[in-house]
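Below is one structure, written out as structure tokens, with a few remarks after it.
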Amino acid sequence: MQRLLKEITPRTEDYSQWYLDVINKADLMDYAPVRGFMVIKPYAYRVWELIQAYMDARFQETGHQNAYFPLLIPESLFKREAQHVEGFSPEVAWVTQGGSEELSERLAIRPTSETITGIMYAKWIQSYRDLPVLINQWCNVLRWEKATRPFVRPREFLWQEGHTVHRTEADAREETQRMLNIYVDTLRDVLAIPALSGEKSERERFAGAVETWALEALMGDGRALQAATSHFLGQNFARVFEIDFLDEDGERRLGWTTSWGASIRLIGALIMVHGDDRGLRLPPRVAPIQVVVVPIAAGPQREQVLDAARQAGAEIGEIGGLRVHVDDRQEYTPGWKFNDWEMRGVPVRVEIGPRDLAQGQVVLVRRDTGEKAVVPRNQLALRVRELLDDVQEGLYQQALSWRDSHTYTVSSVDEILAHDVRGFFKSGLCAESACEDRLQTATGATLRVLEAGEPEGACLVCGAPAVRRAVFARAY
RNA sequence: CGGGCUGUGGCGCAGUAGGUAGCGCGCUACCUUGGGGUGGUAGAGGUCGUGGGUUCGAAUCCCGCCAGUCCGACCA
């Protein structure tokens with residue numbers, strides 16, 4: 001079949017290097033001068049915009065509005081919620097100087113915005129009629145990470161954070177699940193990633209939350225990546241920021257808040273879930289270029305072939321606004337272009353050459369399987385469309401079967417070790433968080449999520465009766 | 001934050017008895033070729049990460065710092 005590209009380290013040889021090679025060959029980002037900061041290059045930024053477009057529409061249709069809150073938060077505000085500060089302090093960066101003058105109070109560069117939205121919501125909310133407040137913001141945040149990694153763990157990252165206030169606990173809990181489900185949909189339907197969702201344990205919970213719900217996706221090396229979170233904050237933030245309102249019955253009550261977020265880390269997930277030894281593989285729904293047309297413009301028929309290619313491109317672009325690109329560069333050979341676009345993950349390639357012209361046909365190649373098909377020229381638009389749907393589905397199915405074949409039900413720590421700690425490990429767990437610690441020490445795996453349902457059997461660490469259904473994995 | 005490895009044209013690398021920098025790819029021009037990274041000719045391009053130190057002289061030796069990467073700790 002096709003030989004491997006020498007520029008991309010095979011996944012089995014060195015997964016980390018493979019990840020960096022793919023990012024480089026697909027031209028997704030570049031390192032900035034400060035450690036942990038990166039430039040998101042146009043191709044990757046376009047993927048982010050496509051993800052944004054879907055999520056934003058879902059937020060709007062569920063009644064949310066976008067707004068923008070400031071980057072800097074006064075230390076005194078930031079410190080109000082004790083758990084929150086404790087959790088975030090180690091990774092907060094501070095502004096201490098403005099121009100040549102030292103500030104009288106340090107300003108935190110937001111690692112997340114619960115505090116700033118909290119103080120503002122307290123001002124805005126007077127009556128139950130002001131509720132719910134359903135606001136989202138698309139912004140950057142800063143966390144002074146010690147170990148950084150492109151896309152999955154940069155110090156500055158783009159994300160969206162929703163912050164809502166509700167009249168009742170039930171409303172807030174419902175919101176938490178509603179948004180979690182939108183993330184599930186986004187991963188499944190748009191990114192073609194089957195994720196596993198559930199509640200976080202106390203240890204892994206968002207600082208200041210009552211409950212944290214999360215999506216975990218399984219990467220190609222068997223490690224898990226937290227893809228999105230949705231927090232039920234109870235009245236913790238409402239209490240310290242005095243987010244209260246006069247209810248219908250004349251009683252003053254505290255609001256119930258939620259927050260939820262997903263970041264550009266999703267691009268890291270895309271790379272690691274779908275990428276192969278030839279590079280990136282993008283699901284059509286987030287591919288900046290869904291179809292690339294490569295003319296095989298040889299010899300005397302060059303102009304005819306180029307015209308045919310451009311015409312085919314235009315035709316494809318007309319149907320449903322598909323994102324198509326005709327690569328008519330003269331300076332590269334077709335073979336070079338094939339490799340180039342494959343590394344960049346373009347889902348479908350159309351080849352048109354003299355042979356095809358003569359026989360009234362075109363060649364279609366799908367990126368997920370590499371499969372080639374010769375189709376009649378007059379069916380081009382139709383078949384391309386079908387093929388894009390097939391690739392979207394094909395990538396999902398491949399990711400699903402990878403996840404399912406690497407999800408194990410276990411009843412002992414040794415079984416996890418036997419699988420080299422690669423995959424999702426489901427087991428019963430007792431109530432002691434010490435068992436989580438011991439498991440992590442022994443295997444490096446952490447509790448990713450707690451699943452709903454009746455626990456069975458015994459705690460895989462201590463053997464006590466299980467009270468929770470846990471899913472463990474080594475995490476990024 | 002601790003430990004290891006790395007830093008020389010855009011990318012990948014060579015370059016230790018210390019003597020003023022080289023190769024491949026890429027890039028530019030022209031020709032050739034074109035169905036899986038064509039071939040040729042001629043060119044352009046480097047304060048050797050950075051700041052000190054040793055030396056007549058440092059890419060090369062010593063120290064600090066910065067950045068990349070791996071392992072560990074930490075990580076809503």
Grab the [atom1]-[atom2] distance between [X] and [N] for me, whole Å please.
X	N	atom1	atom2	value
A/F338	B/U38	CZ	C1'	14 Å
A/K25	B/C11	NZ	C1'	8 Å
A/K372	B/G36	NZ	P	6 Å
A/I352	B/G36	CD1	P	16 Å
A/N24	B/C11	CG	P	9 Å

Please enumerate all residues that pass salt bridge (Lys or Arg N to Asp or Glu O under 4.0 Å) together with [X], with sequence neighbours excluded.
X	value
A/R11	A/D277
A/E114	none
A/R239	none
A/E91	none

Would you mind telling me which of A/H163, A/R58, A/E175 makes a side-chain contact (heavy atoms from CB on, under 4.5 Å) with A/H64?
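With A/H64 as partner, side-chain contact (heavy atoms from CB on, under 4.5 Å) holds for just one option, A/E175.
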
Residues 22-43 of chain A, side-chain donor-acceptor partners within the protein, below 3.5 Å, at least two apart:
from: A/D27; atom 1: OD1; to: A/K41; atom 2: NZ; distance (Å): 2.6
from: A/R35; atom 1: NH1; to: A/K146; atom 2: O; distance (Å): 3.2
from: A/Y43; atom 1: OH; to: A/R344; atom 2: O; distance (Å): 2.7

Inter- and intrachain pairs under ring pair (Phe, Tyr, Trp, His ring centres under 6.0 Å), touching residues 338-363 of chain A, at least two apart
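Only A/H325-A/W341 qualify under ring pair (Phe, Tyr, Trp, His ring centres under 6.0 Å).
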
Both distances under 3.5 Å, Watson-Crick or G-U wobble: report the partner of [N], or none.
N	result
B/A67	B/U6
B/U38	none
B/A17	none
B/G72	B/C1
B/A58	none

Position toward the 5' end of RNA chain B (nearest nucleotide), A/T333 or A/Q226
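Nearer the 5' end of the strand: A/T333.
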
Distance check, [atom1] atoms only: [N] and [M], in whole angstrom units.
N	M	atom1	value
B/G49	B/U32	C1'	41 Å
B/C1	B/G22	P	40 Å
B/U55	B/C62	P	16 Å
B/U6	B/C13	P	12 Å
B/G24	B/G15	C1'	15 Å
B/U47	B/U8	C1'	12 Å
B/C48	B/C71	C1'	29 Å
B/C61	B/A14	P	14 Å

What pairs meet the salt bridge (Lys or Arg N to Asp or Glu O under 4.0 Å) rule with one or both residues in residues 147-162 of chain A, with sequence neighbours excluded?
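Sorted pair list: A/E145-A/R153.
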
Tabulate protein N/O versus nucleotide N/O from nucleotides 67-75 of chain B, keeping only pairs under 3.5 Å, one per line.
from: B/A67; atom 1: OP1; to: A/R35; atom 2: N; distance (Å): 3.3
from: B/G68; atom 1: OP1; to: A/G36; atom 2: N; distance (Å): 3.3
from: B/G68; atom 1: O3'; to: A/Y31; atom 2: OH; distance (Å): 3.3
from: B/U69; atom 1: OP1; to: A/Y31; atom 2: OH; distance (Å): 2.6
from: B/C70; atom 1: OP1; to: A/S16; atom 2: OG; distance (Å): 3.3
from: B/C70; atom 1: OP1; to: A/R149; atom 2: NH1; distance (Å): 3.2
from: B/C75; atom 1: O2'; to: A/E91; atom 2: OE2; distance (Å): 3.3
from: B/C75; atom 1: O2; to: A/R153; atom 2: NE; distance (Å): 2.7
from: B/C75; atom 1: O2; to: A/R153; atom 2: NH1; distance (Å): 3.3
from: B/C75; atom 1: O2; to: A/R153; atom 2: NH2; distance (Å): 2.2

Using a strict cut-off of less than 4.0 Å between a Lys/Arg side-chain nitrogen and an Asp/Glu carboxylate oxygen, indicate whether A/E315 and A/R377 qualify as a salt bridge.
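So A/E315 pairs with A/R377 through a salt bridge.
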
Heteroatom pairs (N/O) under 3.5 angstrom, protein to nucleotides 25-32 of chain B:
from: B/C27; atom 1: OP1; to: A/Y332; atom 2: OH; distance (Å): 2.9

How would you label the contact of A/A207 with the nucleic acid (heavy atoms, under 4.0 Å): base, sugar-phosphate, or nothing?
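The residue A/A207 makes sugar-phosphate contact but no base contact.
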
For A/V363, which contact category applies under a 4.0 Å heavy-atom criterion: base, sugar-phosphate, or nothing?
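Touches a base.
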
Between the side chains of A/W18 and A/D221, is a donor N or O closer than 3.5 angstrom to an acceptor N or O?
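Checked: A/W18/A/D221 side chains show no N/O donor-acceptor pair below 3.5 Å.
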
Under 6.0 Å between ring centres, would you say that holds for A/W48 and A/F151?
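No, too far apart.
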
